[in-house]
Amino acid sequence: MVDLRNQYLKIKDEVDMSIKEVIDSCAFINGPAVKSFQTDLENYLGVKHVIPCANGTDALMVSMMALGLKPGDEVITTSFTFIATAEVIAVLGLTPILVDIDPDTFNIDPAAIEKAITPASKAIVPVHLFGQCTDMEAIMDIAKKHDLFIIEDACQAIGADYIYADNSRKKAGTIGHIGCTSFFPSKNLGCYGDGGAIFTDDDQLADELRAIVNHGMKVRYYHDMIGVNSRLDSIQAAVLKVKLQYLDDYAVERNRAASYYDDAFSAHPKLQVPARYRQSTHVFHQYTLITKDLDRDGLLEFLKEKDIPSAVYYPVPLHLQNAYLSPRYKKGDLPITEDAAEKVISLPMSTEMDEEQLAYITSAVLEYANR
Ligand SMILES: *Cc1c(COP(=O)(O)O)cnc(C)c1O
């Protein structure tokens with residue numbers, strides 16, 4: 001699905017040198033590489049504080065801890081996302097409230113959020129799915145009206161711009177109270193292991209977040225709050241520092257592949273290409289088609305026979321996952337999400353796709369769709 005090897009080979013010398021510096025210095029935990037990457041990312045995002053941590057899942061969990069959410073508090077999020085979004089809500093004893101999506105962008109539907117609000121609601125977690133920002137102005141308005149926190153899950157959308165109605169822009173993850181991202185290798189800004197980060201403009205929250213990722217410690221061996229061990233290791237920071245310089249170029253490459261796919265598929269009656277949203281740029285973490293009157297699983301099988309990777313993100317909505325079954329939901333309750341789970345297919349997407357690969361993939365998809 002993603003070509004990490006060729007991406008690495010293009011920046012091998014820089015990355016290898018950066019990693020070697022960490023090893024030579026032996027500053028493996030919270031070394032200068034971490035601080036330096038943190039500052040670079042703050043500048044890139046235009047955000048006051050970046051708090052590096054161990055992975056995107058922890059970024060979400062630590063955010064909820066820092067906001068002081070307590071068991072019984074309800075957190076509203078989308079049912080059409082990676083499990084981590086809801087998992088951390090459940091792990092903290094909070095109640096995930098899963099709502100439906102917009103059928104074209106797959107992002108959480110602000111009207112569905114508004115309907116789900118109760119006196120126990122404390123926070124909303126919008127997910128910028130597949131690399132395109134969700135409707136943040138509408139969601140910020142709802143949050144203000146009901147006094148709720150917003151934690152943006154920007155794990156798939158680092159580098160995307162949210163475009164306000166007045167045309168001003170902010171980076172994904174820097175609009176709500178807190179933003180979270182992941183540096184998992186296949187993410188748009190991926191390291192060579194696990195990694196993540198939390199963003200905020202709030203000085204006090206930043207203090208809490210920084211303490212929580214480091215055992216709840218502001219002064220060494222004095223613990224004023226319950227924390228966890230969730231740090232970005234220095235070697236990963238060294239890789240990320242190099243790759244961050246290329247993040248915008250990577251988005252251009254991904255958009256180039258997406259345009260090729262769009263040109264090939266947009267006229268086809270059985271394939272719906274990804275909707276582009278006026279309010280956001282798209283960084284194409286995934287290129288996801290909606291199949292119409294087409295056997296989606298047959299297409300998956302057909303592509304597999306031709307050695308073309310493809311995947312379904314996500315085959316089972318969270319409200320129908322065994323671990324999350326609740327009397328609150330039954331099949332049919334979130335029809336748009338359930339429909340998407342049956343019809344979506346994601347094609348290979350990376351910074352390294354050449355015309356030959358794109359031609360091979362598109363002709364295979366069209367061959368199946370024309371049968
Ligand atoms: C990848 C991802 C996460 C979790 O990130 P990890 O670094 O793998 O823990 C959370 N939410 C979404 C939407 C993701 O895509």
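For ligands, and for the atoms within them, numbers begin at 1 and follow the listed sequence. Only this structure's heavy atoms are used, side chains among them; waters, hydrogens and symmetry mates stay out. Since we're looking at a predicted model, the values are computed, not measured.
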Tell me whether [X] has any N or O atom under 3.5 angstrom from an N or O of ligand 1.
{"X": "Thr57", "answer": "yes"}
{"X": "Phe184", "answer": "no"}
{"X": "Tyr314", "answer": "no"}
{"X": "Ser182", "answer": "yes"}

May I have the step-by-step check of salt bridge (Lys or Arg N to Asp or Glu O under 4.0 Å) for Lys70 and Asp73, ending in yes or no?
-> CA-CA 6 Å; Lys70 296 276 179 327; Asp73 289 349; over 6 Å; no
Check the pair Asp161 / Lys171 against salt bridge (Lys or Arg N to Asp or Glu O under 4.0 Å), numbers first and verdict last.
-> CA-CA 5 Å; Asp161 282 339; Lys171 289 286 180 198; 3.0 Å; yes
His282 and Asn255 side chains, donor-acceptor separation under 3.5 Å |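 No donor-acceptor contact under 3.5 Å links the two side chains.
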Is it true that the side chains of Tyr324 and Glu87 contain a donor and an acceptor less than 3.5 Å apart?
->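 Tyr324 vs Glu87: no donor-acceptor pair found between side chains.
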With a 4.0 Å cut-off, would you call Asp224 and Lys218 a salt bridge?
->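 So Asp224 does not pair with Lys218 through a salt bridge.
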Counting each atom of ligand 1 from 1 as listed, which ones have a heavy atom of Thr85 under 4.0 Å away?
->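 Contacts of ligand 1 toward Thr85, numbered from 1: 11 (N).
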Starting from [atom], which protein heavy atom do you reach first, and at what distance in Å?
{"atom": "atom 10 (C) of ligand 1", "result": "Cys155 SG, 3.5 Å"}
{"atom": "atom 15 (O) of ligand 1", "result": "Gln156 NE2, 2.9 Å"}
{"atom": "atom 2 (C) of ligand 1", "result": "Lys187 NZ, 2.6 Å"}

Step-by-step ring pair (Phe, Tyr, Trp, His ring centres under 6.0 Å) determination, Phe82 to Phe184 | CA-CA 13 Å; Phe82 180 55; Phe184 187 82; 8.3 Å; no
Is Met225 atom CE crowded by more than 12 heavy atoms from other residues, nucleotides or ligands, each under 6.0 Å away?
->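 Result for CE/Met225: enclosed.
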May I ask you to check whether over 12 heavy atoms, not counting those of Arg371, lie within 6.0 Å of atom CZ?
->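 Counting neighbours around CZ of Arg371, more than 12 heavy atoms of other residues, nucleotides or ligands fall under 6.0 Å, so yes.
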Looking only at heavy atoms of Thr81, does any of them come nearer than 4.0 Å to an atom of ligand 1?
->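 A heavy atom of Thr81 does come that close to ligand 1.
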Have a look at ligand 1 and work out which part of Val127, if any, has a heavy atom under 4.0 Å from it: side chain, backbone, both or neither.
->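 Within the 4.0 Å criterion, Val127 contacts ligand 1 through side-chain atoms alone.
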Heavy atoms only: which of Asn55, Asp153, Asp58 is nearest to atom 12 (C) of ligand 1?
->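 The residue whose heavy atom sits nearest atom 12 (C) of ligand 1 is Asp153.
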